[in-house]
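Heads up, the thing below is written out as structure tokens.
As the structure is a prediction and not an experimental result, all values here were calculated from the model. Proteins come first, then strands; the chains are lettered A, B, ... in the order of their sequence lines, and each starts at number 1.
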Number of protein chains: 2
Amino acid sequence: MNTRNTKQRQAIFDAIEHHGGHLTADEVYKLVKRRFPRLSLGTVYRNLRVLVEQGSLRELDFGMAVTYFETVKDSHYHIICRVCGSITDAEMPIERRLQSVVAQARNLGGFRIEEHRLDFIGVCASCQSKPKKAGRGARPIKSR
Amino acid sequence: MNTRNTKQRQAIFDAIEHHGGHLTADEVYKLVKRRFPRLSLGTVYRNLRVLVEQGSLRELDFGMAVTYFETVKDSHYHIICRVCGSITDAEMPIERRLQSVVAQARNLGGFRIEEHRLDFIGVCASCQSKPKKAGRGARPIKSR
DNA sequence: CTCCTTGCAAACTATTTGCAATCTG
DNA sequence: CAGATTGCAAATAGTTTGCAAGGAG
């Protein structure tokens, strides 16, 4: 499948790159629709999938019913507020301290570990000061 | 809300406890329906939520579109095969080696970390020997 | 031209919910 | 009995897909 370079696809990627953070398909749709009023949600979903397959985007699932997308340029862990649902990037290098844990796990039943996922769940500074604000994006975080 | 002890609720919990592993709502439904043919999926979902609120069950989301449930008696990380979708418990104590990482993260922007989630993604021994088996439960794993 | 891509609408899947009937304490 | 819970069916929400028309290489 020879992928082509449509303005919609470019605009979808640009929107996420320009935003810098994590966006849902619907948020991307609303952003890009400003420049392409005829844009459809289906097109957004299809392009997000293509961009992920191309390696341009990374898909993120935090157990909040929606999927987030971000550009792949930086690798980091995520800090998630369980009250308002905000997602912040942890300014710490990925891996490093996890070496020992990964090493332990590597011995388990011949399983080949390719990657690990680590998130921090808690309450952000803003939600600590204004108790029970629970913004719109506040979907329940599922534990593991 | 004074929760009551119905046979359906008991049977739902028993099914998960007896199985020992991680089950989806639909899997629980099919299991329990054998003893309660009139059981409805809605009842299963409602009871799973009650049992989680009671602290009897833990909810697990691995970015695979479905939610899994397990009993709370043990805390562990999970090892997920991206080929067949199998989920195995890591026989390692939770936390321990992560102290230093958590400590680092604790200083970030006043965020109060309450818990963290760690999963290992890779290919299980079985899928390494039989390449591309991709069992039924093989939903795509989303990265973070 | 070829066939990838779009817009639109309908389809899907997992999960939730309204409601009257039915149990539990 | 009072109120929690059930079965059933319809409703949601996020995401996917079929199809004919349009656009990129």
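- Remark: P of dT15(C) and OH of Tyr68(B) are 10 Å apart, rounded to the nearest angstrom.
- Protein atom CG of Leu48(A) is 9 Å distant from nucleotide atom P of dT16(D), rounded to whole Å.
- Partners of Glu114(A) according to the side-chain contact (heavy atoms from CB on, under 4.5 Å) rule, which considers only residues two or more places apart in sequence or in another chain, are Arg112(A), Arg82(B), Val123(B).
- Contact of the Leu31(A) side chain with the Leu23(A) side chain is registered, since non-hydrogen atoms from C-beta on lie closer than 4.5 Å.
- In this structure Thr88(B) satisfies the side-chain hydrogen bond (donor to acceptor under 3.5 Å, both in side chains) test with no other residue, sequence neighbours excluded.
- For Gln10(A) and dT6(C), the CD to P distance is 12 Å, given to the nearest whole Å.
- Considering only side-chain N and O atoms, Arg49(B) lies under 4.0 angstrom from the phosphate OP1 or OP2 of dT17(C).
- Identified under the ring-ring contact (aromatic ring centres under 6.0 Å, His included) test for residues 22-52 of chain B, with sequence neighbours left out: His22(B)-His78(B).
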Nucleotide by nucleotide, nucleotides 5-10 of chain D touches protein heavy atoms under 4.0 Å in the pattern (B base, S sugar-phosphate only, - none) SBBB--
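- In this structure, Tyr29(B) atom OH and dT15(C) atom P are separated by 14 Å, rounded to whole Å.
- Applying the side-chain contact (heavy atoms from CB on, under 4.5 Å) rule to Val50(B) yields the partners Arg9(B), Gln54(B); only residues at least two apart in sequence or on another chain are considered.
- With hydrogens and angles disregarded, no donor-acceptor distance shorter than 3.5 Å links the side chain of Arg58(B) to the backbone of Lys142(A).
- For the pair Lys142(B) NZ and dG14(D) P, the computed distance is 12 Å after rounding to whole Å.
- Applying the salt bridge (charged side-chain N to carboxylate O under 4.0 Å, His left out) test to every pair with at least one member in residues 28-47 of chain A, sequence neighbours left out, gives these pairs: Asp26(A)-Lys30(A).
- Remark: Ser40(B) pairs with Thr43(B) by the side-chain contact (heavy atoms from CB on, under 4.5 Å) rule, at least two apart or across chains.
- Residue Leu41(B) contributes atom CG, which lies 18 Å from atom P of dA11(D) at whole-angstrom precision.
- Helix bend of the helix from dC1(C)-dG25(D) to dA14(C)-dT12(D): the angle between its two end axes, each built from five pairs, comes to 30° after rounding to 10°.
- Distance Asp26(A) CG to dT12(D) P: 17 Å, rounded to the nearest Å.
- Residues forming a side-chain contact (heavy atoms from CB on, under 4.5 Å) with Val52(B) (at least two apart in sequence, or on another chain): Leu57(B), Glu59(B), Phe69(B).
- The side chain of Tyr45(A) approaches dG14(D) more closely than any other nucleotide in the set dT17(D), dG14(D), dT15(C).
- Residue Thr67(B) places at least one side-chain N or O closer than 4.0 Å to OP1 or OP2 of dT15(C).
- The CD-P distance, from Glu53(B) to dT16(C), rounds to 11 Å in whole Å.
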